[in-house]
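For the numbers below, each heavy atom of this structure counts, side chains included, while hydrogens, waters and symmetry mates do not. All of these numbers come straight from a predicted model, not from anything done at the bench. Numbers for residues simply follow the sequence, beginning at 1.
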Amino acid sequence: AAQSAPDVGGEAPASAPAPDLFFGRDAIMAELLRDLERAQAGRGGVVLLSGDAGIGKTTTFEKFCEEAQARGVRVLVGRSSDSGGAPAFWPWTQILRALLLGDGGVGASSELAAIVPELAEETQTDADSAEDPDRFRLFETALEVLRRTAAAGPLVIGIEDLHLADTPSLMLLQFAVQAIASEPILILASCRDLDLDITHPLRRTLGEVVSHAHGRRVPVEGLAEEEVRDFLEGILGSRPRRALAAAVFEK
């Protein structure tokens, strides 16, 4: 059955319904739903949802997750932290923690203690020995958890604010592009458009993903003037004058 909200390390709390102010993204949503249908058919991939700050990436991201859940697809979301103190693999830690810990876990592995530290205790592993495992084995074990989960039904993995993610998280995403190509798994990541230095790890990740046959980048751009008018109507409860919509559009 579809869940009421994406998993973020567990069940998300219920919140009061808000007005639906989702406008001007029909074409993007149609693209994303085609990606979802391909994943449901066993052709997984990675999609990067990119755009300026405040342009609507999060709203589009959340709307897609709601639609995927309405179709009976399990959705797990990890969010990068801007606090500067988050541990390595933080978005993946949230996702894998929800899958591995608790009664509904798909099976713990001591090799993943570097990503989910709680596993060291569950598997009675010396935490020090799990700090620096072979990277390929670590990534492959993490992806195997996703494969086992997806064997019970298609899976959407969401990663918000990829531009804030640490380098190990970006490397795991790059590894995943090839690893899920024949799996019922879709990874959707949102990232802010930035003027990246050539040495920035996100630049390499973006290049690796979009160069792969199963990865692509979807830009989220500003609303057209008539869409701004629709948006204002949703906020105000009545159709605004065209001059007001034009003024807001220009701003």
Residues [X], [Y]: salt bridge by 4.0 Å N-O rule:
X      : Y      : answer
Arg147 : Glu144 : yes
Glu31  : Arg216 : yes
Arg43  : Glu37  : no
Arg239 : Glu226 : yes
Glu67  : Arg71  : yes

Co-membership, hydrophobic cluster, residues [X] and [Y], 4.5 Å side-chain:
X      : Y      : answer
Ile159 : Val210 : no
Trp90  : Leu162 : no
Leu138 : Leu100 : yes

[Y] backbone acceptor or donor facing [X] side chain under 3.5 Å:
X      : Y      : result
Asp52  : Ile55  : no
Thr59  : Gly56  : no
Trp92  : Ser169 : yes
Asp161 : Leu164 : no
His163 : Arg192 : yes
Thr93  : Ile115 : yes
Glu160 : Gly78  : no
Lys57  : Ser190 : no

Minimum heavy-atom distance [X]-[Y], with the two atoms named:
X      : Y      : value
Asp166 : Pro91  : OD1-CD, 4.3 Å
Arg217 : Ser50  : NE-OG, 3.1 Å
Ile185 : Ile180 : O-CD1, 3.6 Å

- prompt: For residues His214 and Gln178, is any side-chain donor paired with an opposing acceptor at under 3.5 Å?
  reply: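 No, Gln178 and His214 have no side-chain donor paired with an acceptor closer than 3.5 Å.
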message: Quick check on side-chain contact (heavy atoms from CB on, under 4.5 Å): which of Leu173, Leu202, Ile187 does Leu48 satisfy it with?
response: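 For Leu48, the side-chain contact (heavy atoms from CB on, under 4.5 Å) check succeeds only for Leu173.
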